[in-house]
A.B. asks: 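Quick one: this structure, given as structure tokens, is what I'll be asking you about.
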Amino acid sequence: MDLYTVRKQLNMGMPLTSIKLRVTDYARVSTEHLEQKKSLQNQVEHFEQYIKENPNWTYTPGYVDDGITGTSDVKREKFMQMIEDARCGKFDLIVTKEISRFSRNTLDSIKYTRELLSYGVAVLFVNDNINTAQPDSELRLTIMASMAQDEIRRLSERVKFGMNRAIERGEILGNDLFYGYKKDKDTGVLNIIEEEAKVVRRIYELYAVEELTLSKIVKTLNSEGLKTCQGKKWCISGVSRMIENPKYKGYYCARKSEIVDYMTKKIKYFEKDDWVIYEDKTRIPPIIDEDLWNRANHRLIARKKFFSKRKEDKSIYKNRYLYSAKIYCAEHNTLFHRRKFRKNKKDITWVCSEYLKNGKATCDSPNIRESELDVIFKDLICKLQIDSNEVIDTLMSYYKHLEIDTLIDEEISLREKEINKLYAKKDKLLELSLQGNLSNTEFYERNNSFNEKIQVLDNELHQLRSDKEKIKETTDKTKELAEILRTKVNSKSTINKIISFLLDHIVVSKICKCKNNMEVNIFLSYKENDETKKLQPILRSSYEFKRGYDTQGTKRYKVYYQVNCYFCL
């Protein structure tokens, strides 16, 4: 559309229907109710006929959004497709029923009509008699769009008000699709569907009594072909919500959440203490007895807290496996991640995280087999035991000063005495104040001064006690390690224990371009102060491993490790 020419023709009194245009239409209803479906069909048929009956207009197939709200444009797939087609110049005019069908958001109405005009496309709102090709249309459009937006605000408020009154009357809210029950439309009472109730009882038994995880329960239900009341497969969140729902033990429950803003649809979820909840077994017959419901929910809450703590505490993942967070790529200084080897799932492969993210083009570091590391460490520990006395002496001499904690004890005792003296002075100060020998101002000043000194001493005391505890723990570990080194290593658990004590980190790199030749630097230590670490080489060894399989003609190949072992002292 040539907007200048069209506006000139309109100003000369020429009706829009007399201008040659390519015309399409847009229709929308916000719900999927039968009445709305009929309304949508009527809209589509009416506008198609309206456009085709005009000899000056060329009909372009219209766009329909079915059962989608007008408060948000991004969810309206056909609407967004129409905007894109307008940009591509497929039509000149859009005919729609009214502004509320186009958008109930004032800003969106202005935004998209302006955007369409920039593409040379106008919008005709039939019921509102607004044609955006006319210069004065935006003012009228703004007023009408604001009214449409306010209408949805008032509708939202009315719905919210009605729901609150229904809760006050104790009406059971929600639709009929509630697994295990069917709501009587006349009385509002929930009636048990025994076939579904058996599944509900089984879910609670599996979770609370047999202590299966939610994922295993879901897998069991789906493997048996059981469906939800919507005819869909079971999911973890659905089973979790079922276990949490108090209705299954015969309790009324409402006001668990509320829509904060009708435009953004942001939902505020309330804490359980703010829910409206009470026993109502007359209208909500229980499927689960209270003891079983409470048992299941205690377990659910405990597990949620546990997994929440795991997310917050990353150290849990660092210690999950023997080599977790201890193998580094020399090229990128990134951690190796644990992966199951695809051909032999019993063997574990450790691969650079950079390689996993971006592929071989960014990182050519060799992968490490866990079984190969186990062999290397078993051999290293045996070699350490050949001269275990020297290793023990080295460790014990380094940590010998840790056993001499008398100075810390003296410092602790000194702080405790100083604190007791200050408390005695505070008591004397209070006595003087009660006798009237000290003004309130002076009392508060001196008392606050004592409190500040006590706080400083308390902090120092806390730090000293923490240091003492760490020293004791380190000393105990050193003695235990020395005892292990003195014994003969036979079991894998003993080897793993030594590795967990000694292994600080491993750095992996290539020796040359050959992919089967690598250098592995192993650093042994459990002292955390990096500033005082000094590298002391203790062992250098070479290892050869065969990889691949003889089956199905797979060629076997060799990998070579050049291992340098250090103590970080």
Side-chain angles (χ1 to χ4, degrees), residues 1-30 36 38-66 68 70-71 73 76 78-152:
M1 174 193 290
D2 182 352
L3 189 60
Y4 174 79
T5 303
V6 171
R7 281 183 174 174
K8 190 175 180 180
Q9 290 172 331
L10 291 172
N11 288 336
M12 292 171 62
M14 184 182 292
L16 188 65
T17 52
S18 299
I19 303 173
K20 289 190 177 295
L21 299 169
R22 295 168 299 163
V23 185
T24 189
D25 64 281
Y26 175 73
R28 177 187 65 81
V29 292
S30 56
Q36 292 274 2
K38 289 180 179 178
S39 172
L40 182 64
Q41 185 179 353
N42 290 337
Q43 283 185 56
V44 172
E45 290 176 355
H46 170 74
F47 287 122
E48 183 177 346
Q49 184 180 356
Y50 174 67
I51 296 168
K52 286 182 176 180
E53 285 179 351
N54 192 325
N56 295 310
W57 288 356
T58 303
Y59 177 70
T60 302
Y63 302 83
V64 180
D65 279 315
D66 189 359
I68 300 174
T71 56
D73 56 295
R76 297 190 285 160
K78 296 300 181 181
F79 181 85
M80 300 310 294
Q81 182 62 50
M82 180 180 69
I83 300 296
E84 177 60 24
D85 289 348
R87 189 183 68 82
C88 296
K90 292 186 177 181
F91 45 81
D92 306 308
L93 178 68
I94 300 169
V95 177
T96 189
K97 182 181 178 183
E98 56 194 9
I99 293 170
S100 63
R101 296 302 91 198
F102 194 74
S103 176
R104 286 192 173 180
N105 183 322
T106 306
L107 293 176
D108 283 348
S109 297
I110 303 299
K111 169 188 169 184
Y112 286 114
T113 53
R114 283 179 178 175
E115 185 178 345
L116 287 166
L117 282 174
S118 72
Y119 302 146
V121 177
V123 183
L124 175 63
F125 300 99
V126 177
N127 287 5
D128 302 308
N129 194 26
I130 296 175
N131 175 12
T132 61
Q134 295 176 329
D136 65 342
S137 64
E138 188 165 302
L139 174 61
R140 296 169 59 204
L141 179 64
T142 303
I143 295 169
M144 297 299 290
S146 297
M147 292 173 65
Q149 180 175 318
D150 193 58
E151 172 59 27
I152 197 171

A.B. asks: Side chains of W57 and L93: closer than 4.5 Å at any heavy-atom pair?
C.D. replies: yes
A.B. asks: By the side-chain hydrogen bond (donor to acceptor under 3.5 Å, both in side chains) test, which pairs, at least two apart or in different chains, include something from residues 1-15?
C.D. replies: D2-T5
A.B. asks: Do V23 and D92 touch side chain to side chain, with heavy atoms closer than 4.5 Å?
C.D. replies: no
A.B. asks: Once you round to the nearest 0.5 Å, how far does CG of N54 lie from NZ of K20?
C.D. replies: 9.5 Å
A.B. asks: Under the 3.5 angstrom rule, does the side chain of T24 hit a backbone N or O of P61 as a donor-acceptor pair?
C.D. replies: yes
A.B. asks: Which value, rounded to the nearest 0.5 Å, describes the distance between D25 atom CG and H46 atom NE2?
C.D. replies: 10.0 Å
A.B. asks: Suppose we screen for side chain to side chain donor-acceptor pair (under 3.5 Å). Which residues come up paired with Q81, at least two apart in sequence or across chains?
C.D. replies: D85
A.B. asks: Closest approach of N127 and E98, non-hydrogen atoms and distance?
C.D. replies: ND2-OE1, 3.6 Å
A.B. asks: Mind checking whether L10 and N131 have side chains closer than 4.5 Å, heavy atoms only?
C.D. replies: yes
A.B. asks: Could you label the plane-to-plane angle of the Y50 and F47 rings as parallel, tilted or perpendicular, counting under 30° as parallel and over 60° as perpendicular?
C.D. replies: perpendicular
A.B. asks: Within 45° of the axis and under 6.0 Å from the centre of the six-membered ring of Y59, does NZ or CZ of K52 qualify?
C.D. replies: yes
A.B. asks: One thing to verify: whether K78 and D65 come together as a salt bridge, which I'm taking to mean a side-chain N less than 4.0 angstrom from a carboxylate O.
C.D. replies: no
A.B. asks: List the atom pairs, with distances to 0.1 Å, where a side-chain N or O of residues 113-126 and a protein N or O form a donor-acceptor pair under 3.5 Å, not counting sequence neighbours.
C.D. replies:
| from | atom 1 | to | atom 2 | distance (Å) |
| --- | --- | --- | --- | --- |
| T113 | OG1 | S109 | O | 2.7 |
| T113 | OG1 | I110 | O | 3.1 |
| R114 | NE | E138 | OE1 | 3.1 |
| R114 | NE | E138 | OE2 | 3.4 |
| R114 | NH2 | E138 | OE2 | 2.5 |
| E115 | OE2 | Y119 | OH | 2.8 |
| S118 | OG | E115 | O | 2.5 |

A.B. asks: For the side chain to side chain contact (heavy atoms under 4.5 Å, CB included) test, which of I51, T58, L16, N56 pairs with L21?
C.D. replies: L16
A.B. asks: Determine whether R28 and Y63 make a side-chain contact, defined as any pair of heavy atoms from C-beta on separated by less than 4.5 Å.
C.D. replies: no
A.B. asks: Under 6.0 Å between the ring centres of F79 and Y26?
C.D. replies: yes
A.B. asks: With distance as the sole criterion, is a donor-acceptor pair present between the side chains of E45 and Q41 under 3.5 Å?
C.D. replies: yes
A.B. asks: Under the 3.5 angstrom rule, does the side chain of T60 hit a backbone N or O of R22 as a donor-acceptor pair?
C.D. replies: no
A.B. asks: If I compare all heavy atoms of A27 with all of V44, which pair ends up nearest, and what's the gap?
C.D. replies: CB-CG2, 4.2 Å
